[in-house]
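Only one structure is covered here, and it is reproduced in the block below.
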Amino acid sequence: MKILILFFALISVTRAVTFHCSFAMRTPYTLPSTYSCYTQTLSNINETELLTAVYGTHMSGRSNADVGYLIIRNVQSLTFFPKGIRNFFANLIAIYINSCNISALHDHELDPFNNLRWFAFESQPLEIIPGSLFVNTPLVQRVHLYNNNIK
C-alpha cells in the first residue's frame, strides 16, 4: 500500500507545472523598475495542473514575494494561462506573455491579480477576449494585445 501511495505522489509531482526563472530588475513599459521573473522554461506543462514550483536564484535579499513582474516568452508548448501563479507571486503588477501558443483566455482568469497595472499578451493565436477578464483588476492602466488573431 505504501508503494502505491508513493507511486501516485510521484506521478502528481512530475505532472505539475514548474517555472525556471531568471530574477532581475526590469522595467515593464511605463512602470518603474520592478523585480521580475523571466522564464522561457516551463516544465511539465499540463492545463489541469497548478503551478507547484518556481526555480531560480533570487537577487540578494529578494524572494518570490518581491516579484512584481512576470515575463513568459517563447514557450510554444504553453497553450493555456498558467494557474496558481498567485501562490508564488502574490504581488504582481505586470504580466507579459509573448510568443507562446495560448489561444484562449477564460473569464476571471486575472482575478487573483488585483494589483495588476499592466498586461501584455502578444503574438498568440488568441481569438477571443472574455468580457470579464479585467473585472477584478481595477488598477489596470495598460493592456497590450499585439499580433493576436482577435476577432
Side-chain angles (χ1 to χ4, degrees), residues 8 10-58 62-151:
F8 285 115
L10 286 173
I11 287 175
S12 67
V13 168
T14 59
R15 290 182 53 221
V17 178
T18 59
F19 283 8
H20 303 271
C21 293
S22 168
F23 295 102
M25 296 302 292
R26 294 185 179 86
T27 304
Y29 199 65
T30 59
L31 296 176
S33 183
T34 304
Y35 191 57
S36 66
C37 162
Y38 176 92
T39 185
Q40 290 183 298
T41 310
L42 277 65
S43 300
N44 306 317
I45 299 171
N46 182 330
E47 187 169 3
T48 62
E49 299 291 331
L50 293 174
L51 176 65
T52 58
V54 172
Y55 300 103
T57 303
H58 283 285
R62 299 287 187 148
S63 70
N64 287 345
D66 297 309
V67 173
Y69 184 18
L70 175 63
I71 305 154
I72 303 172
R73 289 195 72 175
N74 300 319
V75 183
Q76 291 299 307
S77 56
L78 183 62
T79 60
F80 59 95
F81 188 86
K83 294 161 185 58
I85 293 171
R86 191 175 191 294
N87 296 336
F88 293 89
F89 306 129
N91 300 308
L92 290 179
I93 62 168
I95 297 174
Y96 177 73
I97 301 176
N98 180 285
S99 299
C100 295
N101 207 10
I102 302 172
S103 60
L105 290 171
H106 301 289
D107 288 338
H108 303 286
E109 206 140 42
L110 298 178
D111 283 3
F113 310 108
N114 55 354
N115 291 322
L116 194 66
R117 293 185 203 142
W118 185 75
F119 180 73
F121 201 78
E122 301 172 357
S123 299
Q124 310 289 334
L126 179 68
E127 293 184 355
I128 298 171
I129 302 168
S132 62
L133 187 62
F134 297 102
V135 166
N136 291 309
T137 54
L139 301 177
V140 168
Q141 300 165 352
R142 288 198 176 271
V143 176
H144 293 248
L145 299 168
Y146 302 126
N147 287 337
N148 291 294
N149 299 322
I150 299 170
K151 298 177 181 179

For side-chain contact (heavy atoms from CB on, under 4.5 Å), just list the numbers for Phe23 and Arg62, CA-CA rounded to whole Å, side-chain angles, deciding distance to a tenth of an Å, and then say yes or no.
-> CA-CA 9 Å; Phe23 295 102; Arg62 299 287 187 148; over 6 Å; no
Does [X] reach the side chain of [Y], with side-chain heavy atoms less than 4.5 Å apart?
X: Ser99; Y: Glu122; value: no
X: Thr52; Y: Thr18; value: yes
X: Gln141; Y: Leu31; value: yes
X: Asn87; Y: Leu51; value: no
X: Arg86; Y: Leu92; value: no
X: Phe121; Y: Ile150; value: no
X: Ile85; Y: Phe113; value: yes
X: Leu110; Y: Asn136; value: no

Do side-chain atoms of [X] reach the backbone of [Y] as a donor and acceptor pair under 3.5 angstrom?
X: Ser63; Y: Ala65; answer: yes
X: Asn115; Y: Asn91; answer: no
X: Asn148; Y: Gln124; answer: yes

Looking at residues at least two apart in the chain, or sitting in another chain, which of them share a disulfide bond (SG atoms under 2.5 Å apart) with Cys37?
-> Cys21
Look up atom [atom1] in [X] and atom [atom2] in [Y], then write down how far apart they are to the nearest 0.5 Å.
X: Thr137; Y: Asp111; atom1: OG1; atom2: CG; answer: 7.5 Å
X: Thr34; Y: Ile93; atom1: OG1; atom2: CD1; answer: 4.0 Å
X: Leu145; Y: Ser123; atom1: CG; atom2: OG; answer: 11.0 Å
X: Arg26; Y: Ser33; atom1: CZ; atom2: OG; answer: 9.5 Å
X: His144; Y: Asn98; atom1: NE2; atom2: CG; answer: 12.0 Å
X: Ile71; Y: Thr39; atom1: CD1; atom2: OG1; answer: 10.0 Å

Which heavy atom in [X] sits nearest to a heavy atom in [Y], and how many Å separate them?
X: Gln40; Y: Asn74; answer: NE2-ND2, 3.1 Å
X: Glu109; Y: His106; answer: OE1-N, 2.7 Å
X: Cys100; Y: Pro125; answer: O-CD, 4.4 Å
X: Leu50; Y: Gly84; answer: CD2-N, 3.9 Å
X: Ile72; Y: Pro82; answer: CD1-CG, 4.3 Å

Qualifying residue, where the test is ring-ring contact (aromatic ring centres under 6.0 Å, His included) with Tyr69 and the options are Phe119, Tyr35, Trp118, Tyr96 = Trp118
Look at the aromatic rings of Tyr55 and His20 and report parallel, tilted or perpendicular, splitting at 30° and 60°.
->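 Correct class here is parallel.
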Could you name each residue pair satisfying ring-ring contact (aromatic ring centres under 6.0 Å, His included) that touches residues 70-95, not counting sequence neighbours?
->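 The answer is none; no pair qualifies.
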Might you confirm whether atom CG of Leu139 has over 12 heavy atoms from other residues, nucleotides or ligands at distances under 6.0 Å?
-> yes
